[in-house]
Amino acid sequence: MRNFKALVLLLGLTLVLAACDFGGDSSSSTGEDGETLKELNVSINEDPPAFHPALATDTTSGVILASVFEGLTRLDSDGNPVEGMAENIDVSADGKTYTYTLRDAKWSNGDPVTAEDFEYAWKWALNPENAADYAYQLYYIQGAEEYNLGEGSEEDVKVTAVDDKTLEVELTNPTPFFDELTAFYTYYPVNSKVSEENPDAYKNPNDDNYIGNGPFTLDEFASSDHITLNKNDEYWDKDNVDVDKVNVRMIESEATALKEFDAGNLDYLGAPFNSVDLNALDRFKESDELHVSDMAGTYMITFNTEDDVLQNKHIREALTIAIDRQGLIDNVTKGEQAPASGLVPLTMEGFEEQRDYFESNDEEAAKEALQKGLDELGLNSASDVKIKLSYNTSEAHAAIMQYVQQNWVDKLGVDVTLDNSEWQVYLEELKSLNYQAGRYGWVGDFNDPYNFLELYKRKGGNNTTAWENEEYKDLLDKATVETDEATRTELLQDAEEVFMNDYPIAPIYFYTNIAVKSDRVENMEPDPLSNLQLKYVKIKE
């Protein structure tokens with residue numbers, strides 16, 4: 001969902017309690033007119049890296065944006081696309097032309113939401129000058145890829161506001177998951193009038209012109225402390241929004257967040273906001289409070305294939321197969337995850353079975369691969385392989401990376417040091433390839449294997465490995481135009497095999513949704529893609 005989008009379910013957070021009145025039972029408060037307000041209390045790890053829909057790439061940003069904006073479609077509580085800003089969707093017989101009729105909807109400042117707002121926002125994301133990492137999610141549209149890569153013009157992008165209420169979109173190929181894509185934040189609109197007058201308005205949530213069209217408004221952002229979301233009185237479906245106010249606190253430590261939950265000051269722990277303290281999992285299991293479900297996400301270690309050492313395939317192979325994944329799950333994460341031997345999660349159609357690209361915890365094979373790598377690099381011994389293993393600050397990530405470090409040291413004899421940094425800094429290090437090996441996670445943006453495989457189709461964007469392969473590209477290109485579902489699945493399976501045989505990543509496990517919530521909230525369960533729509537949350541009286 002996303003770079004964890006690169007996503008990013010086990011995160012850590014920072015806390016400053018004194019600045020906000022969030023202590024004690026804040027299930028309700030009194031509004032200006034004396035009415036009782038229903039409040040929801042959650043936490044995230046730290047400041048969202050992006051507040052502009054076109055510039056976001058991670059779940060922390062995404063969960064805020066999904067509350068403040070709404071696309072042509074919106075995901076329901078089960079993760080299925082339903083009409084959002086679009087009141088009607090007409091698809092041509094060949095599946096390539098979509099015509100959207102917009103409902104009567106307003107921005108939070110009272111401006112009408114128009115088709116021009118969508119055309120402007122999508123073309124802004126594709127404009128190469130704006131450097132939107134997720135621009136490739138729009139490549140399904142005719143002319144979009146060419147414009148973004150500097151090989152075409154904005155006028156060639158087939159998104160047209162026919163009139164204020166009608167948007168026409170022409171796709172390059174039939175795309176069965178396009179209704180899911182239009183619910184994703186890269187496809188959100190921005191108010192074109194506001195953005196044209198103040199291009200930076202949507203980058204700063206404290207700007208008076210930061211307005212949304214979703215169920216909530218972002219009314220206050222205090223960096224490293226809190227975000228306040230209030231119910232949007234201009235939202236077209238406001239009568240079906242139960243929560244009046246959402247208090248989002250930044251809490252760096254999973255242990256601190258757990259204490260706040262136990263004290264009744266937080267209503268929820270889990271994806272996509274934060275993670276449950278690993279030390280509390282057994283307790284919540286015993287009390288039957290822990291909610292565990294499958295998720296379309298992969299926790300992995302990504303390798304910088306341009307690094308002097310990790311450019312070598314056999315070194316990457318040795319590091320990958322030396323990891324005891326089941327031991328990690330049984331002793332550290334304890335979240336009923338499935339060991340991962342591939343990139344695509346087991347929840348995806350055609351990939352439900354474990355693949356045998358390698359065998360985990362195979363010390364003998366790992367040592368053989370390591371020796372091949374040493375010979376090719378001209379190194380004398382395993383201790384000459386020096387790896388800095390990086391991760392974003394989090395107690396959970398730290399525990400996992402320490403386990404991996406011990407595996408590599410004990411089984412291979414390589415020199416491994418750990419390095420952590422806060423989330424925004426860490427993302428930049430990955431994107432700029434200023435790292436060797438690093439923790440990474442990806443949760444699906446839409447429910448199709450292509451979403452995971454397209455990450456590595458080309459350098460740049462969310463591809464943090466610098467790995468590129470022409471055979472891989474060719475297989476994905478063939479899959480995008482293949483109309484026979486069985487043949488398309490085979491092409492995607494072949495692509496994953498090419499990818500995994502070169503070891504640009506070391507998959508660790510397939511995520512599960514792990515969460516606990518207070519008894520006073522209902523309809524607060526993430527869907528298989530780790531989306532949690534606050535629009536549907538109910539507060540018990």
Side-chain angles (χ1 to χ4, degrees), residues 4 8-15 17 22-27 39-46 59-60 63 247-295 297 299 324-339 391-404 406 420 439 441 443 508-528 530 532 537-540:
F4 231 60
V8 182
L9 290 180
L10 296 170
L11 298 175
L13 308 162
T14 245
L15 173 64
L17 287 173
F22 287 144
D25 181 8
S26 56
S27 59
E39 297 191 24
L40 179 71
N41 301 307
V42 296
S43 70
I44 57 176
N45 70 311
E46 55 189 88
T59 54
T60 304
V63 72
N247 301 309
V248 185
R249 294 163 54 182
M250 285 71 152
I251 304 178
E252 183 175 11
S253 163
E254 286 99 342
T256 302
L258 174 65
K259 290 179 181 178
E260 292 298 292
F261 177 82
D262 286 339
N265 298 329
L266 291 178
D267 295 311
Y268 179 87
L269 296 178
F273 292 97
N274 52 20
S275 61
V276 182
D277 188 343
L278 296 180
N279 295 317
L281 292 183
D282 290 337
R283 165 163 67 94
F284 286 129
K285 285 180 182 178
E286 291 174 4
S287 63
D288 202 29
E289 295 176 83
L290 193 69
H291 300 267
V292 180
S293 58
D294 291 334
M295 184 195 297
Y299 191 101
D324 181 1
R325 289 159 175 79
Q326 192 61 56
L328 173 68
I329 293 166
D330 292 341
N331 299 299
V332 181
T333 62
K334 300 180 182 180
E336 302 177 26
Q337 297 92 348
Y391 61 96
N392 54 293
T393 303
S394 157
E395 292 152 2
H397 291 325
I400 295 169
M401 293 302 103
Q402 287 164 11
Y403 186 92
V404 171
Q406 202 63 48
N420 73 286
R439 184 216 73 81
V443 176
I508 307 298
Y509 58 75
F510 297 123
Y511 280 113
T512 51
N513 273 316
I514 306 171
V516 292
K517 61 185 178 67
S518 68
D519 292 335
R520 72 182 196 88
V521 297
E522 296 178 333
N523 296 346
M524 196 167 184
E525 292 83 26
D527 66 27
S530 190
L532 202 163
V537 174
K538 304 292 184 184
I539 304 291
K540 295 180 183 179

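We use all heavy atoms of the structure for the numbers below, so side chains are in, but hydrogens, waters and symmetry mates are not.
- When all heavy atoms of Met295 and Ala271 are compared, the pair lying nearest together is CE-CB, 4.2 Å.
- With Arg249 as reference, Leu266 is the one residue of Leu266, Thr256, Asn274 to meet the side-chain contact (heavy atoms from CB on, under 4.5 Å) rule.
- None of Leu269, Leu281, Leu278 except one satisfies the side-chain contact (heavy atoms from CB on, under 4.5 Å) rule with Ile514; the exception is Leu281.
- For Asn331, the side-chain hydrogen bond (donor to acceptor under 3.5 Å, both in side chains) criterion is met by no residue, not counting sequence neighbours.
- With sequence neighbours left out, Lys538 forms a side chain to side chain contact (heavy atoms under 4.5 Å, CB included) with Asp242, Glu522, Asn523.
- A heavy-atom distance below 4.5 Å is found between the side chains of Leu258 and Phe284.
- When all heavy atoms of Tyr511 and Gly441 are compared, the pair lying nearest together is OH-CA, 3.7 Å.
- Ring planes of Tyr509 and Tyr299: parallel class, angle under 30° (limits at 30 and 60°).
- Closest heavy-atom contact between Ala515 and Val276: CA-CG2, 4.1 Å.
- Residues Tyr268 and Leu532 meet the side-chain proximity criterion, which asks for heavy atoms closer than 4.5 Å.
- For the pair Asn41 (side chain) and Asp267 (backbone), a donor-acceptor distance under 3.5 Å is absent.
- Interatomic distance, Glu260 CD to Asn265 CG, rounded to the nearest 0.5 Å: 4.5 Å.
- Classification of Glu525 and Lys517 as a salt-bridged pair holds, one side-chain N sitting under 4.0 Å from a carboxylate O.
- Applying the side-chain hydrogen bond (donor to acceptor under 3.5 Å, both in side chains) test to Gln406 and every residue at least two apart in sequence or in another chain returns Asp410.
- Atom OG of residue Ser253 and atom NZ of residue Lys259 lie 7.5 Å apart, to the nearest 0.5 angstrom.
- The minimum heavy-atom distance linking Val63 with Pro272 is given by the pair CG2-CG, 3.7 Å.
- For residues 326-337, the salt bridge (Lys or Arg N to Asp or Glu O under 4.0 Å) pairs, not counting sequence neighbours, are Asp282-Lys334.
- Between Val521 and Ile539, the shortest heavy-atom distance links the atoms CG1-CD1, 3.8 Å.
- Pro339 pairs by the side chain to side chain contact (heavy atoms under 4.5 Å, CB included) definition with Arg325, Gln326, Ile329, Gln354, not counting sequence neighbours.
- Counting all heavy atoms, side chain and backbone alike, Glu46 lies closest to Ile44 at O-CD1, 3.3 Å.
- With sequence neighbours excluded, no residue forms a salt bridge (Lys or Arg N to Asp or Glu O under 4.0 Å) with Asp294.
- Here the side chain of Glu289 pairs no donor or acceptor atom with the backbone of Val516 at under 3.5 angstrom.
- Formation of a donor-acceptor pair under 3.5 Å by the Thr512 side chain with backbone atoms of Gly335 is found in this model.
- Results of the side-chain contact (heavy atoms from CB on, under 4.5 Å) test with Arg439 over Ile400, Asn392, Asn420 single out Asn392 as the only residue that passes.
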